[in-house]
Every structure is written in C-alpha cells, then in structure tokens.
Amino acid sequence: MNLVWYVAVGSAVGGAARFALSSFIQQRAGTFPVGTLVINITGSLVLGFLMRYALGSTSVSAETRALLTTGFCGGYTTFSTFSYETIALMEDGDYRRGATYVLASVVLSLVATFLGIMAANTVLEARVR
C-alpha cells in the first residue's frame, strides 16, 4: 500500500505539469495539437531515461522509481509507457510484436476514441429528445 501513495503523489504532480505545460504551449501554437505532441515526446524521453537509470543503478529505491515512472510519467503521459514498452520489445529483438503493438495501439485507440465520441453523441441526442 505504501507504493500506492508514491504513485498517487507522482501522478498528481505529473498531471498538473501536463496541464500547465500543454496549455502554455497550445495557447501559442494554433490548431495543431503541439502541446500534446510535446508532452508525449518529453514524457517518453523522461521515462526512457528514468527506467534505464533506475534499473541500472542501486541508488534509486523502489518508492522513488514508482513515484517518478508510474506516478509522474503516468500522470504526465501514458504515451511514455507505450513508447518504452515498444522499445523494450525491439531491444529484445521482438520486432514483429513491437510493430504489432504499435499498430494495434494506434489503430485501436483511434477506433475506441471514435466509438466513445459516437456513444457520447448518442447520449447527448437522447437527452435533447
């Protein structure tokens, strides 16, 4: 249960950082989602560094790793986890599974988003009637 609190604190800070940075960037960027793109790229960079460093060093406790990776990076962007897992599959030489993971994640997430929008539209239309 102790690790849950580390993850919770990291998630809160990561989510607040995502909101602040993404909003700051997007207000200056126009209609292309540059804010989200920057969050996904920087989150992937940070998670890649933290995981490699934490797993390769004895100086990072399990609590600190949970706070920074699952907590902060997870609150900041789950895209970072997707990116790390994809690279891990490829580093293991499992290119087919890595490519399948990328394709399935992108396509199925887009389909799921579309279905969620359609479901919300249905609910909203039912409320108007």
Side-chain angles (χ1 to χ4, degrees):
M1 187 63 175
N2 192 25
L3 284 178
V4 171
W5 288 108
Y6 284 91
V7 171
V9 169
S11 295
V13 174
R18 174 183 61 213
F19 177 78
L21 181 59
S22 181
S23 297
F24 177 80
I25 292 168
Q26 198 59 50
Q27 289 171 357
R28 292 152 181 77
T31 58
F32 187 79
V34 176
T36 300
L37 181 61
V38 168
I39 293 300
N40 288 338
I41 293 167
T42 57
S44 296
L45 174 72
V46 170
L47 184 70
F49 174 83
L50 290 172
M51 286 299 291
R52 189 54 49 113
Y53 182 82
L55 294 174
S57 169
T58 58
S59 64
V60 180
S61 69
E63 293 83 5
T64 300
R65 189 175 71 229
L67 181 132
L68 294 174
T69 59
T70 306
F72 179 82
C73 289
Y76 189 72
T77 174
T78 57
F79 193 82
S80 57
T81 302
F82 161 76
S83 298
Y84 179 80
E85 290 170 344
T86 301
I87 294 300
L89 286 169
M90 291 181 178
E91 283 182 334
D92 290 342
D94 205 347
Y95 297 106
R96 177 174 278 160
R97 284 186 62 216
T100 300
Y101 185 46
V102 168
L103 185 63
S105 294
V106 172
V107 171
L108 295 175
S109 292
L110 290 172
V111 169
T113 301
F114 175 76
L115 292 173
I117 290 168
M118 297 306 294
N121 286 341
T122 301
V123 170
L124 290 170
E125 288 173 11
R127 292 180 69 198
V128 173
R129 293 184 208 161

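For the single chain, residues carry numbers from 1 onward in sequence order.
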task = State whether the number of non-hydrogen atoms from other residues, nucleotides or ligands found under 6.0 Å of Arg28 atom CZ is greater than 12.
result = yes
ask   = Once you round to the nearest 0.5 Å, how far does CD1 of Ile87 lie from CZ of Arg52?
value = 9.5 Å
inquiry  = I want to check something: taking the side chain as every heavy atom from C-beta on, are Tyr101 and Leu89 in contact at a cut-off of under 4.5 Å?
reply    = yes
ask   = If you measure from CG on Leu37 to CZ on Phe79, what distance do you get to the nearest 0.5 Å?
value = 8.5 Å
request  = Could you grab the distance from atom CD1 of Ile117 to atom OG1 of Thr122, nearest 0.5 Å is fine?
outcome  = 12.0 Å
query = Are Val7 and Val9 linked, directly or through other ILVMFWY residues, by side chains that come within less than 4.5 angstrom of each other?
reply = no
key: Rounded distance (nearest 0.5 Å) linking atom OG1 of Thr36 with atom CD1 of Ile25   = 9.5 Å
key: Distance (rounded to the nearest 0.5 Å) between Thr86 OG1 and Asp94 CG   = 11.0 Å
request  = For Leu50 and Cys73, work out which heavy atoms get closest and say how close.
outcome  = CD1-SG, 4.0 Å
ask   = Would you say the side-chain atoms of Thr77 and Ser80 include a donor-acceptor pair closer than 3.5 Å?
value = no
Cluster link Leu115 to Leu124, ILVMFWY, side chain under 4.5 Å = no
Thr42 side chain near Tyr76 side chain, heavy-atom distance below 4.5 Å = yes
query = Between Phe32 and Gln26, which heavy-atom pair has the shortest distance, and what is it?
reply = O-NE2, 2.9 Å
query = Same cluster or not: are Leu67 and Phe49 linked, directly or through other Ile, Leu, Val, Met, Phe, Trp or Tyr residues, by side-chain heavy atoms under 4.5 angstrom apart?
reply = yes
query = Any idea which heavy atoms bring Tyr53 and Ser59 closest together, and the distance?
reply = OH-OG, 3.4 Å
4.5 Å side-chain heavy-atom contact, Phe82 and Ser44 = no
query = Side-chain contact, heavy-atom cut-off 4.5 Å: Leu55 with Arg65?
reply = yes
task = First locate atom OH of Tyr6, then atom OG of Ser61, and finally report the distance between them rounded to the nearest 0.5 Å.
result = 6.5 Å
